[in-house]
Novice: 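What follows is a structure written as structure tokens; I'll ask about it next.
In the text below, chain A, chain B and the rest are named by the order of the sequence lines, each starting its count at 1. All values below were derived from every heavy atom in this structure, side-chain atoms included, with hydrogens, water molecules and symmetry-related copies excluded.
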2 protein chains.
Amino acid sequence: MIIIGEKINGSIPSVAHAIRTKNPRLIQDLAKKQAEAGAAFIDVCAAAPPETELETLRWLITAVQEAVDTPVAIDSPSAQTCVDAMPFCARPGLINSASMEIMEKMEIMEKMETEEEKQAGEKNRKENKSMKKSKADLIFPKIAGTSWECVALLCGNAALPMTAEKRLEIFDALMKKAAAYRVDPARIHIDPMVPALYTAEDGITPVLETMREIKRRCPEVRLTGGASNSSFNLPARRYINQGFILLAMGAGMDSAILDPLHKDTAGLISAAEALLGRDELCMGYIGAYRAGRF
Amino acid sequence: MIIIGEKINGSIPSVAHAIRTKNPRLIQDLAKKQAEAGAAFIDVCAAAPPETELETLRWLITAVQEAVDTPVAIDSPSAQTCVDAMPFCARPGLINSASMEIMEKMEIMEKMETEEEKQAGEKNRKENKSMKKSKADLIFPKIAGTSWECVALLCGNAALPMTAEKRLEIFDALMKKAAAYRVDPARIHIDPMVPALYTAEDGITPVLETMREIKRRCPEVRLTGGASNSSFNLPARRYINQGFILLAMGAGMDSAILDPLHKDTAGLISAAEALLGRDELCMGYIGAYRAGRF
């Protein structure tokens, strides 16, 4: 299981405070603890307005790299910002995230305030075919021929909820693009877009179906997911998050964005690895237990 | 999810003490708490020598029935004892368990002490075809035409570990027998025999494969499993047990023998039901949370 440690995120008050006061101690402590707990990537999300996001990412990435050698996951809603932050990284990491979403639309929309402005932007986009460039079109060429990895969301510009068929359609289009740009599928972490459970009629069964089918179509691609999306607005969220991770692992998920310091989650993931026959003689499970990870 | 509450078992010291001192208070308290926590059956296991087992079951079942209306699961390694205890039950319950295991062999073997006696019994069994009666042959006719349910283990007299193919072969034979005795598949809880993880090369993947294939072949049959078998001899057993339950639920398990009073387990099962789309608008999850079950 490839763990992407999620704890360095500007939407968390203590992290936001560290960013504001330019105090790297908390950031470096979180980086070290997550690396020790087995994170393969340290996710770094500024959660800042566009004017300061890139500069905040630079500061965060520098702080993390002074503390650990673990590669960084650059996490931004803007594909352009992800690409712009790549040179801050001392070694190849992970871009979080690409998708088939038409980039300009989103990035323009973000900057628009009134309904009129949004409608004008939408009209403009429709009329101008050359603007139809997806996030994948920006990111894939930048990581082709490197060791960078990349999360790719199964979303276009259509609204959720989506069926498994719709997700698989986007998956096929994404993989075609990856092939065209010569990006190795083994470096792509497909995120089938986990819905908020309380509004999802069939729960996450379309997500699980999508995962199983993707592993049939392309066994080497990674499958990832944001567990905490599913539990939005529900009580005792940890059970939903953990339940999601276990069910998704059973359907082939082999990468996840989560808190590697949560002991129960670490114990359950380690148990699932052993149960799924990926941990010979349970040595990994027993070792993690002895190391005090759960 | 059909929960079979496992807490009334003579192998648990406090329960053994209550049995020895003929004090029904603890038994009735466990019955009530498990029923309140949503157990569909209260499992009752004497864990006593053959001479006293039936009498102990009678006492336990009477105690449970004075406290709750929840049906009882009669749990004994002896199919004959299960059948003999049925008249103690005020309402139809669950037999735990039937199998394709040749009954006489096992029951005769139990009473034999020396190696010579065992060999003589074995020789006798082989020569006498009429003795080849499985546990299912004893139990199925007793529950045919009633509302009694029954756990059926996918084991014959062969030693574990078993492949998915071998388990499915036994499943087909069991279902043929069920059809011959006119037992409705919806009242049979198939237990594919969960191995101890630390000795199982592929983990529980053959069990999960068996479960998925059984639901394809016969969607109405119940799938059950003893979670705690998997964690035998491993540290922090709860993670393995919970991991098993979640992965098995993802593969179609809809019944389980477990401790319904364990809050984390209850939370995870409730979460899995919602995640698998079996809990409209998460009302069951939210209700169980509000009722303090987790």
Novice: Answer with side chain, backbone, both or neither: which region of Leu208(B) has an atom nearer than 4.5 Å to a non-hydrogen atom of chain A?
Specialist: side chain
Novice: Compare all side-chain heavy atoms of Lys135(A) with those of Leu153(A) and state whether any distance is below 4.5 angstrom.
Specialist: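 A side-chain contact under 4.5 Å is absent here.
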Novice: Heavy-atom cut-off 4.5 Å, strictly under: side chain, backbone, both or neither for Ser230(A) against chain B?
Specialist: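 Contact with chain B: side chain only.
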Novice: Rounded to the nearest 0.5 Å, what separates atom OG in Ser231(B) from atom OH in Tyr239(B)?
Specialist: 13.0 Å
Novice: Could you tell me if the side chain of Val15(B) sits less than 4.5 Å from the side chain of Leu30(B), heavy atoms only?
Specialist: yes
Novice: Take Glu36(A) and Lys33(A), measure what salt bridge (Lys or Arg N to Asp or Glu O under 4.0 Å) needs, and give me the verdict at the end.
Specialist: CA-CA 5 Å; Glu36(A) 281 163 16; Lys33(A) 281 186 180 152; over 6 Å; no
Novice: Looking only at heavy atoms, which two atoms of Ser228(A) and Arg237(A) are closest? And how far apart?
Specialist: O-NH2, 2.8 Å
Novice: Are there residues of residues 2-13 of chain A that reach to under 4.5 Å of chain B by heavy atoms, and which ones?
Specialist: none
Novice: So which bits of residues 255-277 of chain A come within less than 4.5 Å of chain B, counting non-hydrogen atoms only?
Specialist: Lys263(A), Asp264(A), Gly267(A), Leu268(A), Ala271(A), Ala272(A), Ala274(A), Leu275(A), Leu276(A), Gly277(A)
Novice: For chain A, which residues of residues 212-227 of chain B have at least one non-hydrogen atom nearer than 4.5 Å to it?
Specialist: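 Arg212(B), listed by number.
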Novice: Calculate, to the nearest 0.5 Å, the distance between atoms CD1 and SG belonging to Ile74(B) and Cys45(B) respectively.
Specialist: 11.5 Å
Novice: Would you check, one step at a time, whether the test side chain to side chain contact (heavy atoms under 4.5 Å, CB included) holds for Gln34(B) with Thr70(B)?
Specialist: CA-CA 9 Å; Gln34(B) 291 184 100; Thr70(B) 311; over 6 Å; no
Novice: From Ser99(A) OG over to Leu174(A) CG, what is the distance, rounded to the nearest 0.5 angstrom?
Specialist: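 Going from the OG atom of Ser99(A) to the CG atom of Leu174(A) covers 7.5 Å.
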Novice: Are any of the side-chain heavy atoms of Phe171(A) and Thr210(A) separated by less than 4.5 Å?
Specialist: no
Novice: Got a second to check how far Met162(A)'s CE is from Cys155(A)'s SG, nearest 0.5 Å?
Specialist: 6.5 Å
Novice: Select all residues of residues 283-291 of chain A having any heavy atom within less than 4.5 Å of some heavy atom of chain B, and report them by number, or 'none'.
Specialist: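 When heavy atoms of chain B are the reference, residues 283-291 of chain A contributes Tyr285(A), Ile286(A), Tyr289(A) within the under-4.5 Å range.
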Novice: Chain A: which of Asp202(B), Leu247(B), Val207(B) shares the most heavy-atom pairs with it under 4.5 Å?
Specialist: Leu247(B)
Novice: Most heavy-atom pairs under 4.5 angstrom with chain A, which of Leu246(B), Thr205(B), Asn241(B)?
Specialist: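 The answer is Leu246(B).
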Novice: Enter the distance from Met249(A):CE to Met1(A):CE here, rounded to the nearest 0.5 Å.
Specialist: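 The CE atom of Met1(A) is 4.5 Å from CE of Met249(A), to the nearest 0.5 Å.
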Novice: Grab the two heavy atoms, one from Ala196(A) and one from Phe232(A), that are nearest each other, plus how far apart they are.
Specialist: CB-CB, 4.2 Å
Novice: Which atoms of Leu234(A) are under 4.5 Å from chain B, going by heavy atoms: the side chain, the backbone, both sets, or neither?
Specialist: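 Only the side chain of Leu234(A) comes within 4.5 Å of chain B.
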Novice: At a heavy-atom distance under 4.5 Å, which candidate from Asp279(B), Leu281(B), Leu197(B) has the highest pair count against chain A?
Specialist: Leu197(B)
Novice: If you take all heavy atoms of Ile170(B) and Leu154(B), which pair is closest and at what distance?
Specialist: CD1-O, 3.7 Å
Novice: Heavy atoms only: give me the nearest Ile42(A)-Ala31(A) pair and the separation to one decimal.
Specialist: CD1-O, 3.7 Å
Novice: Apply side chain to side chain contact (heavy atoms under 4.5 Å, CB included) to Phe294(B) and Arg238(A), showing your working.
Specialist: CA-CA 11 Å; Phe294(B) 52 86; Arg238(A) 67 186 179 285; over 6 Å; no
Novice: Take Met211(A) and Arg167(A) through the side chain to side chain contact (heavy atoms under 4.5 Å, CB included) test and state the conclusion after the steps.
Specialist: CA-CA 10 Å; Met211(A) 286 185 163; Arg167(A) 285 179 167 96; over 6 Å; no
Novice: CG/Asp75(A) to CG/Leu94(A) distance, rounded to the nearest 0.5 angstrom?
Specialist: 9.0 Å
